[in-house]
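In each ligand, atom 1 is the first atom listed, and ligand 1 is the first ligand listed.
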Amino acid sequence: MPSKQRKIAMMGYRSVGKSSLIIQFVEGHFVDSYDPTIENTFTKFIRLNSTEYEVKLVDTAGQDEYSIFPLQYSMDFHGYVLVYSITSSKSFQIVQIIYDKLLDMVGKIHVPIVLVGNKTDLHLERKISTEEGKRLAEKWNAAFVETSAKRNESVTDMFHAMLSEIERSDGHMPEKNGCIIS
Ligand SMILES: Nc1nc2c(ncn2[C@@H]2O[C@H](COP(=O)(O)OP(=O)(O)OP(=O)(O)O)[C@@H](O)[C@H]2O)c(=O)[nH]1
C-alpha cells in the first residue's frame, strides 16, 4: 500500500522550540543555539498502527498577537501542532490567539490539533501548570502533550498524537475523551 501523506504545521510564539522539536524528531539531536525560522519543511516516514505515513512537517516563523494568520497555512494541511513554552505565559496567550485565528481562517468547526507545552526540563522556571495546559486542550477538544525537545521527552508521542488526531477526524478512530500524554 502506498504511504498516507500528511502535512502538518508547527505554530506558536517565537522561541518556544518548534524547530527544536522537529529536528529532535526527524534528525534525533538537540540544537542549543537559536536561529529564528522563516519557513522550513522536513519529511519523515513513520509506521504507526500498521500504517505507513509520509509526514511533511512545516516549521513556521514564530507568531505574535499582531501577526496576520498566513493564508498559506489555512489550506492543504491535515493538522496543526500549537506549541507554547511552559516557562512563558506570553507564549500560552499567543497560542490561544493563533487558535482563534486558525479556526476563523480554516472555516471548519473541528480541526485536528495537538497542544504542546515544551521545555519541561526547565521545571524551576515553569509558569504554566500541566493542569492549565490540559484544560485548554479539553476546551479545544484537542490532544495535549508536554515535551522536552532538549531531553527528547514525549517528542515522538507528540507527533504520533497528531497522526491519531487526524485519523480520528477522518472517522478512522473511535471518539476520545481527551487524549493526554504528559
Ligand atoms: N531547555 C530547553 N530549551 C529548548 C527546548 N526546546 C528549544 N529550546 C531552546 O529554545 C530556543 C528556541 O528554540 P527554537 O527551536 O529555535 O524555537 P522556535 O519556536 O523554532 O523559534 P522561532 O523560529 O523564532 O519561531 C533555542 O535556544 C533552543 O535551544 C527545550 O525543550 N528545553
Side-chain angles (χ1 to χ4, degrees), residues 6-44 46 55-74 77-102 105-106 111-134 136-137 140 142-162 165 180-182:
R6 297 292 183 235
K7 199 169 162 196
I8 293 162
M10 298 284 287
M11 305 193 82
Y13 190 45
R14 285 188 291 274
S15 198
V16 292
K18 298 179 292 298
S19 307
S20 305
L21 287 164
I22 294 179
I23 290 168
Q24 182 61 268
F25 182 59
V26 175
E27 297 174 3
H29 62 95
F30 176 67
V31 188
D32 232 326
S33 58
Y34 174 43
D35 182 11
T37 305
I38 297 171
E39 186 183 293
N40 268 324
T41 301
F42 298 77
T43 303
K44 185 170 165 106
I46 306 171
V55 183
K56 277 201 175 5
L57 297 166
V58 179
D59 187 11
T60 69
Q63 296 228 308
D64 63 25
E65 60 271 54
Y66 307 111
S67 311
I68 294 170
F69 191 92
L71 189 62
Q72 73 267 30
Y73 302 139
S74 64
F77 280 84
H78 297 93
Y80 297 83
V81 179
L82 299 192
V83 188
Y84 64 94
S85 163
I86 63 146
T87 64
S88 159
S89 303
K90 169 102 183 178
S91 73
F92 194 62
Q93 285 168 16
I94 298 296
V95 97
Q96 298 175 60
I97 295 173
I98 295 174
Y99 173 83
D100 290 339
K101 290 182 186 168
L102 171 65
M105 290 297 286
V106 173
V111 180
I113 290 174
V114 180
L115 176 65
V116 175
N118 186 40
K119 307 199 186 182
T120 50
D121 56 289
L122 300 177
H123 48 90
L124 295 177
E125 293 165 45
R126 185 189 273 273
K127 300 274 173 9
I128 305 298
S129 68
T130 303
E131 266 314 308
E132 282 173 277
K134 266 186 206 172
L136 183 61
W140 294 352
F144 174 62
V145 187
E146 283 194 338
T147 57
S148 168
K150 183 167 187 169
R151 296 209 180 137
N152 195 11
E153 278 168 9
S154 301
V155 176
T156 304
D157 294 342
M158 180 262 271
F159 286 105
H160 286 183
M162 181 77 265
E165 283 299 300
I180 289 164
I181 302 160
S182 55

Across all chains, not counting sequence neighbours, the side chain to side chain donor-acceptor pair (under 3.5 Å) partners of Asp121 are Ser148
Thr60-ligand 1 polar pair, N/O distance under 3.5 Å:
no
Atom 31 (O) of ligand 1 - nearest protein heavy atom and its distance
Ala149 N, 2.9 Å
Is there a nitrogen or oxygen of Ala61 sitting under 3.5 Å from a nitrogen or oxygen of ligand 1?
no
Starting from atom 10 (O) of ligand 1, what is the nearest protein heavy atom, named by residue and atom, and what distance separates them?
Lys119 NZ, 3.1 Å
When you measure from the side chain of Gln24 to the backbone of Ala149, do you find a donor-acceptor pair of N or O atoms at a distance under 3.5 Å?
yes
Which residue supplies the protein heavy atom nearest to atom 24 (O) of ligand 1, what is that atom called, and how far is it?
Tyr34 OH, 2.5 Å
Return the residue, atom name and 0.1 Å-rounded distance of the protein heavy atom closest to atom 14 (P) of ligand 1.
Ser20 OG, 3.6 Å
Does a donor on one side chain and an acceptor on the other come within less than 3.5 Å for Ser19 and Thr37?
yes
Nearest non-hydrogen protein atom, atom 11 (C) of ligand 1
Ser15 OG, 3.7 Å
For atom 27 (O) of ligand 1, find the nearest protein heavy atom and state the residue, atom name and distance (0.1 Å precision).
Asp32 O, 3.0 Å
Within 4.0 Å of some non-hydrogen atom of Val31, the atoms of ligand 1 are 28 (C), 29 (O)
Would you mind running through ligand 1 and noting each atom that sits below 4.0 Å from a heavy atom of Pro36?
23 (O), 24 (O)
Go through the structure and list residues passing side chain to side chain donor-acceptor pair (under 3.5 Å) with His123, not counting sequence neighbours.
none
Distance only, no hydrogens: is a donor on one side chain within 3.5 Å (strictly under) of an acceptor on the other, for Glu39 and Thr60?
no
What is the closest protein heavy atom to atom 25 (O) of ligand 1, and at what distance does it sit?
Lys18 NZ, 2.7 Å
What protein heavy atom is closest to atom 3 (N) of ligand 1, reported as residue, atom name and distance in Å?
Phe30 CZ, 3.8 Å
Check each atom of ligand 1 against the heavy atoms of Asp121 and keep those under 4.0 Å away; list them by number with element.
1 (N), 2 (C), 30 (C), 31 (O), 32 (N)
Classify the ring geometry of Tyr84 against Phe92: parallel below 30°, tilted from 30° to 60°, perpendicular beyond 60°.
perpendicular
Under the side chain to side chain contact (heavy atoms under 4.5 Å, CB included) test against Leu82, which residue among Val95, Leu136, Val116 passes?
Val95
At less than 4.0 angstrom from any non-hydrogen atom of Ser33, what atoms of ligand 1 do you find?
26 (C), 27 (O)
Under 4.0 Å from any heavy atom of Leu122, which atoms of ligand 1 are there?
1 (N)
